[in-house]
Amino acid sequence: MGTYIVLIGVQGAGKGTQAAILQDKLGLLHVSTGDLFRAMKTQDTPLARKVQEMMSAGELIPDEITNEMVRDRLGQDDAARGVILDGYPRNVGQAEFLDKLLAEKGEELAVVPILELDREIAIKRVEGRRYSPDKKRVYNIYFDPPEREGVDDVTGEPLIQRDDDHREAVERRIDLFFDETAPLIEYYKKKSLVQRVDADQAIDAVTVDLIAAITRALMDG
Ligand code: AMP
């Protein structure tokens, strides 16, 4: 039996960071559908071109494509011990597909941890991000500002903000997340799989709580 986990968290909650740490600590494979789709950028097939267009338009990829990609990834050898899914499922249809897919393998979801973060804090974490021009250093104007406003500590060059990190776009993405995931959380609550973790803490503290939540669920299950 493998350990299958769906990690849910708003942008800014540290989902990618925590998934990478869990991959190391628990020896589970981190599967991010966003990463898998981004990797298709280097391919030149009709499907890859379609995916690229939809991603740049900020649209979700159709379920049939997404589901088949996940089926394919979970069927590979390195997924046999279990997987931390990140960015998938995004709606109830995908969640139902995942349940069926796991059932076909004689597996089931172990736990759905939710990294909880206030809308306002999530917005500040993402909108406040600033990078040194070489992208080597990242600051946050609210939580981790540079020594001198607007410039890199090391080179003194002006800091830059990602195009899609301006406030309106960030608010739109974050609100979309809450709209998208509310029904998903309900779906998993009915199955008693949800474990809430406070994401408004230092990275290490979130990891400790997350591992405790996963362990609790595995012992109960
Ligand atoms: P993410 O990195 O999770 O924000 O995903 C980046 C983009 O990949 C999204 O805006 C979608 O276009 C696509 N994508 C990722 N995961 C899914 C999914 N589960 N369903 C549909 N589209 C997805």
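Note that ligands are numbered from 1 as they come in the structure, with each ligand's atoms numbered from 1 the same way.
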Backbone of Leu184 reached by a side-chain donor or acceptor of Thr181 within 3.5 Å: no
Separation of Leu36 CG from Asp72 CG (nearest 0.5 Å): 9.0 Å
Under 4.0 Å between a Lys/Arg side-chain N and an Asp/Glu carboxylate O for [X] and [Y]?
X: Glu68; Y: Arg71; value: yes
X: Glu120; Y: Arg167; value: yes
X: Arg173; Y: Asp165; value: yes
X: Lys124; Y: Asp118; value: no

Set of residues that line ligand 1, where lining means a heavy atom lies under 4.0 Å from it: Thr33, Gly34, Phe37, Arg38, Met55, Glu59, Leu60, Ile61, Thr66, Gly87, Tyr88, Arg90, Gln94
